[in-house]
Amino acid sequence: MKYKTLKGLQDILPPDISVWQHIEAGARDIFKNYGFQEIRLPVMESTDVFIRSIGETSDIVEKEMYTFQDKGGRSVTLRPEGTAPFVRAYVEHHLYNNPAPQKYYYMGPMFRYERPQAFRYRQFYQIGAEAMGIDDPKLDAEIISMLALILGSIGLVGLNFEITSIGCKNCRPGYRSALKKFLNDKIDKFCKDCQRRFDINPLRILDCKVPSCIESRQGSPPVLDFLCTECEGHFKSLKKYLDILSVSYTINPNLVRGLDYYTKTAFEVSSESLGSQKAVAAGGRYDSMVDEFGGPSTPGIGFAIGMERIIPLIKDSLSEPAGPDLLFCPLGDEAAVKAFLLTGQLRAEGLWVEMNLESTSLRSQMRKANRIGAKNVIVLGEDELKTGEISIKDMVSGEQNKSLLEVNQLIKIIRKET
RNA sequence: GUGAGUGUAGCUCAGCUGGUUAGAGCAUCUGACUGUGGCUCAGAGGGUCGGGGGUUCGAAUCCCCUCACUCACCCCA
């Protein structure tokens, strides 16, 4: 085979596409009720958009970006996530002048140059939502409960919601140095990745899954103890509002985001039935990002759902692919022309109609009718053309009914039966 | 970037320690059944055995290299 999809990219074909449409339609429904509007953004941005927001030392920026030079010599990057481009657009179009909260959602492909794995692709699809302009933890709770509703309405069960607060620019430095102080004298007990993290981003040591690291970090100062009064109050209120909305969650103080722009609330949804790549959605608050993009200081919060992560969880509910309402089986050239005309007329009336374009034996035409799942079949031969009367066959019951070869009467019969 | 596993028909896979024209099931097409599908039966088409090299009288099978895919690590949605 000469050409194939690039590594980590995939074609999405029928019937799988119906699962995607089901998810997208379900999400759109709920977004509408929460006042979110769709926004469509380019798949590439100036590379700086990502470096400045996601963080120079993050794994994404360090090794996972599809970055190249365009013909004008500019460095461009295929978006590895949706929030930074969104904030760029938010500032560029002065969307902060609309009444807060401004609420947007998007769905589309993201790109990360990683080694593919189960449920992890280089081009992957996210459904994301962003709400801007409100600092109140009620909004955090609203967002998380909306996420729960979306995932639930799509048909997902057994999900685990984890939340934490990672502080803000006022209290995080204090925590960071307290953590480094605690880890400093046992640094040689950690894996080599964690030793590297110690300087770059010590918070991520808390998220390491190596058993010796888990053990060595026992007794480390909990992040939640270092929150400033504002962050602490915010987190406390968030929990209260989640309780009011009956969203069940667990507090995971070791939840660490790979992106640098998060402040205060961070959350992640995971499914135990997925194996190693178990995160299906994640998000958090980013209160200083608009500022950094040159806009007026504006708080924001959002999340993204990983399409490829939720699809295997609901694939069982795949419905049978439908077949046409009617199939014409013409015998002979004259009949084929008549069927050709009627096919067009009936389609214009809103029916899904097909005709066999190849003149094969009636037997094989009927086989095909069965194979494609046609609901009704009309055989058009010399007799029918002569008398103007046909039999329409219901392929499920096998019954045949007489009818005149006339559009309105055919519609009536098909509509009644289907 | 690191490690492990797998590559044989459109799909799922047999093919034992090297030995004739490389097989099965499903799918496709045709016929049995001049104008009525599903079931059954018969037949047909479809393969550079991932690619290259080596060992050998002889390689899908053994060895080396390479490519692709998969899974895991890392990290993340």
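A note on names: the letters A, B, ... follow the listed sequences, proteins ahead of strands, and every chain is numbered from 1. Quick caveat: nothing in here was measured; it's all calculated off a predicted structure. When reading the values below, keep in mind they use all heavy atoms of this one structure, side chains included, and skip hydrogens, waters and symmetry mates.
- A/T47 contributes a side-chain N or O that, together with a main-chain N or O of A/S75, makes up a donor-acceptor pair within less than 3.5 Å.
- Counting non-hydrogen atoms of other residues, nucleotides and ligands closer than 6.0 Å to CD of A/E334 gives a total of 12 or fewer.
- With rounding to whole Å, A/K375 atom NZ is found 16 Å from B/rG37 atom C1'.
- If you take atom P in B/rC62 and the same atom in B/rC69, they sit 24 Å apart, rounded to whole Å.
- Computed from coordinates, the A/F111 CZ to B/rA77 P distance equals 16 Å when rounded to whole Å.
- Counting only distance, with no hydrogens or angles, the side chain of A/N376 and the backbone of A/D325 share a donor-acceptor pair below 3.5 Å.
- Rounded to a whole angstrom, the distance from the C1' atom of B/rC71 to that of B/rU55 is 33 Å.
- If A/R122 and A/R115 are placed on RNA chain B by their nearest nucleotide, the residue sitting closer to the 5' end is A/R115.
- Taking atom P in both B/rG7 and B/rC49, the straight-line distance is 15 Å, to the nearest Å.
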| field | Residues A/E64, A/Y66; criterion side chain to side chain donor-acceptor pair (under 3.5 Å); working and verdict | value | CA-CA 7 Å; A/E64 294 174 2; A/Y66 270 96; over 6 Å; no
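- Comparing B/rU56 with B/rU61, their C1' atoms sit 13 Å apart, to the nearest whole Å.
- Residue-level contact check: A/F303 touches neither bases nor backbone, having no heavy atom under 4.0 Å from any strand.
- As rounded to the nearest Å, B/rG25 and B/rA68 have C1' atoms that lie 27 Å from one another.
- Looking at A/Q117, its side chain comes within 3.5 Å of the base of B/rC74 through a donor and an acceptor atom.
- To the nearest angstrom, P of B/rG38 lies 16 Å from CG of A/D394.
- A/F226 and A/Y175 have their aromatic ring centers within a separation under 6.0 angstrom.
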| message | Could you walk me through whether A/R120 and A/F124 satisfy the side-chain contact (heavy atoms from CB on, under 4.5 Å) test, starting with their C-alpha distance in whole Å, then the side-chain angles of each, then the deciding distance to 0.1 Å, before giving a yes or no? | response | CA-CA 7 Å; A/R120 190 173 78 181; A/F124 58 101; over 6 Å; no
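- When rounded to the nearest whole Å, the span between CZ of A/F50 and P of B/rA77 equals 14 Å.
- Residue A/G128 is out of contact with every strand shown, counting any heavy-atom pair closer than 4.0 Å.
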| Per-nucleotide pairing state of RNA chain B [Watson-Crick or G-U, under 3.5 Å; [ ] pseudoknot-crossing; | other strand] | (((((((..((((.....[...)))).(((((.......))))).....(((((..]....))))))))))))....
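- In this structure, NZ of A/K4 is placed 13 Å from P of B/rG50, rounded to the nearest angstrom.
- A/Q365 comes within 4.0 angstrom of nothing in the nucleic acid, heavy atoms only.
- Per the geometry, CD belonging to A/E114 stands 9 Å off P belonging to B/rC76, to the nearest Å.
- Nucleic acid contact for A/Y113: none, since no nucleic acid atom lies under 4.0 Å from a heavy atom of the residue.
- For the C1' atoms, the distance linking B/rC16 with B/rC74 amounts to 41 Å, nearest Å.
- A/R217 places a side-chain N or O within donor-acceptor distance of the main-chain N or O of A/I205, the cut-off being under 3.5 Å.
- Taking every heavy atom of both residues into account, A/R172 and A/L203 meet most closely at CD-CD1, 3.9 Å.
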Polar atom pairs between nucleotides 29-36 of chain B and protein, under 3.5 Å, N or O only, would you list them?
unit_1 : atom_1 : unit_2 : atom_2 : d
B/rG31 : O6     : A/R367 : NH2    : 3.3
B/rA32 : N6     : A/R363 : NH2    : 2.7
B/rC33 : O2     : A/R363 : NH1    : 2.7
B/rG35 : O6     : A/E382 : N      : 3.2
B/rG35 : O6     : A/D383 : N      : 3.2
B/rG35 : N1     : A/E384 : OE1    : 2.9
B/rG35 : N1     : A/E384 : OE2    : 3.1
B/rG35 : N2     : A/E384 : OE2    : 2.4
B/rU36 : O2'    : A/K393 : NZ     : 3.3

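- A side chain to side chain donor-acceptor pair (under 3.5 Å) with A/E130 holds for exactly one of A/Y90, A/Y104, A/Y286; it is A/Y286.
- When the C1' atom is used for both B/rA59 and B/rU8, the distance is 14 Å, rounded to whole Å.
- Residue order along RNA chain B, read from the 5' end via each residue's closest nucleotide, puts A/A369 first among A/R309 and A/A369.
- Under a cut-off of 6.0 angstrom, the local environment of CD in A/E389 is crowded, with over 12 non-hydrogen atoms contributed by other residues, nucleotides or ligands.
- For the P atoms, the distance from B/rC11 to B/rU48 is 12 Å, rounded to whole Å.
- Counting to the nearest Å, the P atom of B/rC76 and the CG atom of A/L203 are 12 Å from each other.
- At whole-Å resolution of the value, CZ in A/F190 and C1' in B/rC74 are 17 Å apart.
- When distances run from any side-chain atom of A/M395 to the nucleotides B/rA77, B/rG37, B/rC76, the shortest one goes to B/rG37.
- Formation of a donor-acceptor pair under 3.5 Å by the A/R112 side chain with backbone atoms of A/P80 is found in this model.
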